Amino acid sequence: QKEVEQNSGPLSVPEGAIASLNCTYSDRVSQSFFWYRQYSGKSPELIMSIYSNGDKEDGRFTAQLNKASQYVSLLIRDSQPSDSATYLCAVNGGGGTSYGKLTFGQGTILTVHP
Amino acid sequence: SAVISQKPSRDICQRGTSLTIQCQVDSQVTMMFWYRQQPGQSLTLIATANQGSEATYESGFVIDKFPISRPNLTFSTLTVSNMSPEDSSIYLCSAGEYGETQYFGPGTRLLVL
(Lines give C-alpha, C1' and ligand atoms only; values in the text may rest on other atoms or scores of the structure.)
Protein backbone atom coordinates (compact mmCIF):
# COMPACT_ATOMS: atom_id res chain seq x y z
CA GLN A 1 0.00 0.00 0.00
CA LYS A 2 1.62 3.19 -1.19
CA GLU A 3 1.11 5.96 1.36
CA VAL A 4 1.55 9.67 1.61
CA GLU A 5 1.50 11.13 5.09
CA GLN A 6 0.91 14.70 6.16
CA ASN A 7 0.24 16.35 9.48
CA SER A 8 -3.47 17.16 9.33
CA GLY A 9 -3.02 20.25 11.47
CA PRO A 10 -4.56 22.65 11.78
CA LEU A 11 -1.42 24.71 11.43
CA SER A 12 -1.89 28.27 12.57
CA VAL A 13 0.65 30.99 11.79
CA PRO A 14 0.54 34.78 12.12
CA GLU A 15 0.44 36.96 9.05
CA GLY A 16 3.92 37.55 7.68
CA ALA A 17 5.40 34.39 9.19
CA ILE A 18 6.78 31.34 7.40
CA ALA A 19 4.44 28.35 7.16
CA SER A 20 6.14 24.96 6.88
CA LEU A 21 4.19 22.00 5.54
CA ASN A 22 5.64 18.51 5.52
CA CYS A 23 4.96 15.28 3.69
CA THR A 24 6.50 11.81 3.69
CA TYR A 25 5.91 9.05 1.19
CA SER A 26 6.48 5.32 1.20
CA ASP A 27 7.14 4.44 -2.46
CA ARG A 28 10.88 4.80 -3.02
CA VAL A 29 10.58 4.83 -6.80
CA SER A 30 8.22 7.82 -6.91
CA GLN A 31 9.43 10.33 -9.47
CA SER A 32 7.32 13.46 -9.23
CA PHE A 33 5.79 15.38 -6.39
CA PHE A 34 3.14 18.06 -6.20
CA TRP A 35 1.62 20.49 -3.77
CA TYR A 36 -1.99 21.49 -4.33
CA ARG A 37 -3.99 24.13 -2.51
CA GLN A 38 -7.69 23.58 -1.93
CA TYR A 39 -9.98 26.28 -0.67
CA SER A 40 -13.19 25.19 1.01
CA GLY A 41 -15.77 24.24 -1.59
CA LYS A 42 -13.26 24.44 -4.45
CA SER A 43 -11.20 21.91 -6.37
CA PRO A 44 -7.44 21.48 -5.88
CA GLU A 45 -5.17 23.91 -7.70
CA LEU A 46 -1.49 23.31 -8.35
CA ILE A 47 0.97 25.34 -6.26
CA MET A 48 4.27 23.64 -7.00
CA SER A 49 5.70 20.60 -8.71
CA ILE A 50 9.15 19.19 -8.00
CA TYR A 51 11.01 16.35 -9.65
CA SER A 52 14.60 16.40 -8.40
CA ASN A 53 16.31 16.68 -5.04
CA GLY A 54 16.79 20.14 -3.63
CA ASP A 55 14.79 23.32 -3.51
CA LYS A 56 12.49 24.89 -6.05
CA GLU A 57 11.28 28.43 -5.53
CA ASP A 58 8.32 30.22 -7.07
CA GLY A 59 7.49 33.58 -5.55
CA ARG A 60 6.65 33.11 -1.88
CA PHE A 61 6.61 29.33 -2.22
CA THR A 62 9.56 26.94 -1.93
CA ALA A 63 9.27 23.20 -2.38
CA GLN A 64 12.00 20.97 -0.97
CA LEU A 65 12.57 17.36 -1.96
CA ASN A 66 14.79 14.77 -0.33
CA LYS A 67 14.35 11.41 -2.05
CA ALA A 68 16.78 9.61 0.26
CA SER A 69 14.61 10.55 3.24
CA GLN A 70 11.38 10.23 1.20
CA TYR A 71 10.40 13.68 2.31
CA VAL A 72 8.92 16.67 0.55
CA SER A 73 8.01 20.00 2.10
CA LEU A 74 6.45 23.32 1.19
CA LEU A 75 7.49 26.62 2.72
CA ILE A 76 5.26 29.67 2.40
CA ARG A 77 7.05 32.91 3.17
CA ASP A 78 5.29 36.11 4.24
CA SER A 79 2.08 34.15 4.85
CA GLN A 80 -1.13 35.99 4.06
CA PRO A 81 -4.69 35.35 5.27
CA SER A 82 -5.50 34.42 1.68
CA ASP A 83 -3.12 31.45 2.07
CA SER A 84 -5.55 29.89 4.55
CA ALA A 85 -6.60 26.64 2.88
CA THR A 86 -5.97 22.91 2.88
CA TYR A 87 -2.64 21.94 1.33
CA LEU A 88 -2.48 18.55 -0.32
CA CYS A 89 0.75 16.69 -0.99
CA ALA A 90 0.55 14.36 -3.99
CA VAL A 91 3.05 11.80 -5.19
CA ASN A 92 3.17 10.25 -8.64
CA GLY A 93 3.56 6.49 -8.71
CA GLY A 94 7.04 5.39 -9.57
CA GLY A 95 6.44 2.55 -11.92
CA GLY A 96 4.32 -0.27 -13.27
CA THR A 97 0.60 0.19 -12.93
CA SER A 98 1.12 3.08 -10.52
CA TYR A 99 2.85 5.29 -13.05
CA GLY A 100 0.82 8.37 -13.86
CA LYS A 101 -1.44 8.03 -10.83
CA LEU A 102 -1.35 10.48 -7.96
CA THR A 103 -1.60 9.39 -4.35
CA PHE A 104 -2.73 12.20 -2.07
CA GLY A 105 -1.96 12.83 1.56
CA GLN A 106 -4.80 13.65 3.89
CA GLY A 107 -4.03 17.36 3.66
CA THR A 108 -2.84 19.99 6.13
CA ILE A 109 -5.23 22.75 7.11
CA LEU A 110 -3.38 26.07 7.27
CA THR A 111 -4.81 29.12 8.98
CA VAL A 112 -3.03 32.47 8.70
CA HIS A 113 -4.35 34.92 11.27
CA PRO A 114 -3.95 38.70 11.00
CA SER B 1 -2.07 24.09 -18.29
CA ALA B 2 -5.30 22.34 -19.20
CA VAL B 3 -8.67 23.91 -18.52
CA ILE B 4 -11.26 21.39 -17.42
CA SER B 5 -15.01 21.76 -17.15
CA GLN B 6 -17.51 19.42 -15.54
CA LYS B 7 -21.25 19.09 -15.83
CA PRO B 8 -23.38 19.16 -13.76
CA SER B 9 -21.79 21.27 -11.03
CA ARG B 10 -24.19 19.85 -8.49
CA ASP B 11 -27.23 17.59 -8.33
CA ILE B 12 -29.68 16.13 -5.88
CA CYS B 13 -30.78 12.61 -6.79
CA GLN B 14 -33.07 9.95 -5.45
CA ARG B 15 -31.68 6.64 -4.29
CA GLY B 16 -31.72 3.92 -6.90
CA THR B 17 -31.21 6.31 -9.80
CA SER B 18 -28.06 6.98 -11.85
CA LEU B 19 -26.21 10.18 -12.68
CA THR B 20 -23.71 10.74 -15.48
CA ILE B 21 -21.04 13.37 -14.96
CA GLN B 22 -19.27 14.85 -17.96
CA CYS B 23 -15.68 16.09 -18.07
CA GLN B 24 -14.35 18.19 -20.95
CA VAL B 25 -10.70 19.23 -21.41
CA ASP B 26 -9.71 22.16 -23.63
CA SER B 27 -6.82 20.22 -25.21
CA GLN B 28 -5.92 16.62 -25.96
CA VAL B 29 -4.49 14.78 -22.97
CA THR B 30 -3.20 11.28 -22.51
CA MET B 31 -4.56 10.58 -19.06
CA MET B 32 -7.88 11.41 -17.43
CA PHE B 33 -8.86 10.40 -13.92
CA TRP B 34 -11.92 10.36 -11.71
CA TYR B 35 -11.71 11.01 -7.97
CA ARG B 36 -14.12 11.11 -5.09
CA GLN B 37 -13.76 13.46 -2.15
CA GLN B 38 -15.90 12.90 0.92
CA PRO B 39 -16.53 15.92 3.20
CA GLY B 40 -13.41 16.76 5.18
CA GLN B 41 -11.41 14.02 3.47
CA SER B 42 -8.68 13.88 0.89
CA LEU B 43 -9.06 12.67 -2.68
CA THR B 44 -9.56 9.01 -3.48
CA LEU B 45 -8.88 7.79 -7.00
CA ILE B 46 -11.80 5.89 -8.50
CA ALA B 47 -10.36 5.01 -11.88
CA THR B 48 -8.17 5.97 -14.79
CA ALA B 49 -10.15 6.65 -17.95
CA ASN B 50 -8.27 5.15 -20.90
CA GLN B 51 -9.00 6.35 -24.41
CA GLY B 52 -10.20 3.52 -26.60
CA SER B 53 -10.18 0.88 -23.87
CA GLU B 54 -11.84 0.02 -20.59
CA ALA B 55 -11.13 2.13 -17.54
CA THR B 56 -8.74 0.88 -14.89
CA TYR B 57 -10.40 0.80 -11.47
CA GLU B 58 -8.82 1.14 -8.06
CA SER B 59 -9.44 -1.29 -5.24
CA GLY B 60 -12.95 -0.87 -3.87
CA PHE B 61 -14.44 0.53 -7.07
CA VAL B 62 -16.11 -1.56 -9.75
CA ILE B 63 -17.28 -0.96 -13.29
CA ASP B 64 -20.89 -1.91 -12.59
CA LYS B 65 -21.16 0.86 -10.00
CA PHE B 66 -19.00 3.47 -11.76
CA PRO B 67 -19.02 2.90 -15.52
CA ILE B 68 -16.65 5.25 -17.33
CA SER B 69 -16.38 6.25 -20.95
CA ARG B 70 -13.48 7.92 -22.77
CA PRO B 71 -14.47 8.29 -26.41
CA ASN B 72 -11.64 10.67 -27.32
CA LEU B 73 -8.65 12.54 -25.90
CA THR B 74 -10.66 15.49 -24.56
CA PHE B 75 -13.78 13.97 -23.01
CA SER B 76 -14.82 11.45 -20.38
CA THR B 77 -17.93 10.53 -18.44
CA LEU B 78 -18.44 8.90 -15.06
CA THR B 79 -21.78 7.35 -14.18
CA VAL B 80 -22.72 6.74 -10.57
CA SER B 81 -25.21 3.87 -10.77
CA ASN B 82 -27.96 2.70 -8.45
CA MET B 83 -27.13 5.48 -6.03
CA SER B 84 -27.45 5.34 -2.29
CA PRO B 85 -26.92 8.11 0.29
CA GLU B 86 -23.36 6.78 0.79
CA ASP B 87 -22.57 7.99 -2.73
CA SER B 88 -23.11 11.60 -1.65
CA SER B 89 -19.74 13.22 -2.31
CA ILE B 90 -17.80 15.51 -4.57
CA TYR B 91 -16.66 13.86 -7.80
CA LEU B 92 -13.61 15.38 -9.48
CA CYS B 93 -12.19 14.87 -12.92
CA SER B 94 -8.50 15.50 -13.61
CA ALA B 95 -6.30 15.36 -16.68
CA GLY B 96 -2.61 15.37 -17.47
CA GLU B 97 0.30 13.62 -19.11
CA TYR B 98 2.28 10.68 -17.71
CA GLY B 99 4.22 11.78 -14.65
CA GLU B 100 3.26 15.39 -15.11
CA THR B 101 0.92 17.75 -13.31
CA GLN B 102 -2.74 16.80 -13.13
CA TYR B 103 -5.23 19.62 -13.47
CA PHE B 104 -8.63 19.37 -11.85
CA GLY B 105 -12.09 20.28 -12.93
CA PRO B 106 -14.36 22.26 -10.60
CA GLY B 107 -16.06 19.13 -9.30
CA THR B 108 -19.62 17.82 -9.14
CA ARG B 109 -21.38 17.95 -5.78
CA LEU B 110 -23.77 15.04 -5.49
CA LEU B 111 -26.40 14.60 -2.79
CA VAL B 112 -28.39 11.37 -2.76
CA LEU B 113 -31.61 11.33 -0.77
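Just so you know, these numbers come straight off a predicted model, no measurement behind them. Proteins come first, then strands; the chains are lettered A, B, ... in the order of their sequence lines, and each starts at number 1.
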Could you tell me which portion of [X] (side chain, backbone, both or neither) has an atom closer than 4.5 angstrom to a non-hydrogen atom of chain A?
| X | result |
| --- | --- |
| Glu97(B) | neither |
| Thr101(B) | both |
| Leu92(B) | side chain |
| Phe33(B) | side chain |

* Asked: Given a strict heavy-atom distance threshold of 4.5 Å, which part of Glu45(A) is in contact with chain B: side chain, backbone, both, or neither?
  ->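 Contact with chain B: none, neither part.
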
* To do: Fit a plane to each ring of Phe104(A) and Tyr35(B), take the angle between them on a 0 to 90° scale, and name the class: parallel (under 30°), tilted (30 to 60°) or perpendicular (over 60°).
  =>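 Because their plane-to-plane angle is over 60°, the rings of Phe104(A) and Tyr35(B) count as perpendicular.
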
* If we ignore angles and hydrogens, is there a donor and acceptor under 3.5 Å between the side chains of Gln64(A) and Ser73(A)? ->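 Yes, because at least one side-chain N or O of Gln64(A) sits under 3.5 Å from a partner of the opposite role on Ser73(A).
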
* Asked: Do Ser26(A) and Glu3(A) meet the criterion of a side-chain donor-acceptor pair at a distance under 3.5 Å?
  ->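 Not at all, the side chains of Ser26(A) and Glu3(A) share no donor-acceptor pair under 3.5 Å.
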
* Asked: Which one of Ser49(A), Gly107(A), Pro44(A) has the most heavy-atom pairs closer than 4.5 Å to chain B?
  ->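 Among Ser49(A), Gly107(A), Pro44(A), the one with the most close pairs to chain B is Pro44(A).
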
* **CD1/Ile63(B): more than 12 non-hydrogen atoms of other groups inside 6.0 Å** =>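 Yes, because the 6.0 Å sphere around CD1 of Ile63(B) holds more than 12 heavy atoms from other groups.
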
* To do: Salt-bridge test for Arg77(A) and Glu57(A): reply yes if a basic N is under 4.0 Å from a carboxylate O, no otherwise.
  =>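 Yes, charged N to carboxylate O under 4.0 Å.
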
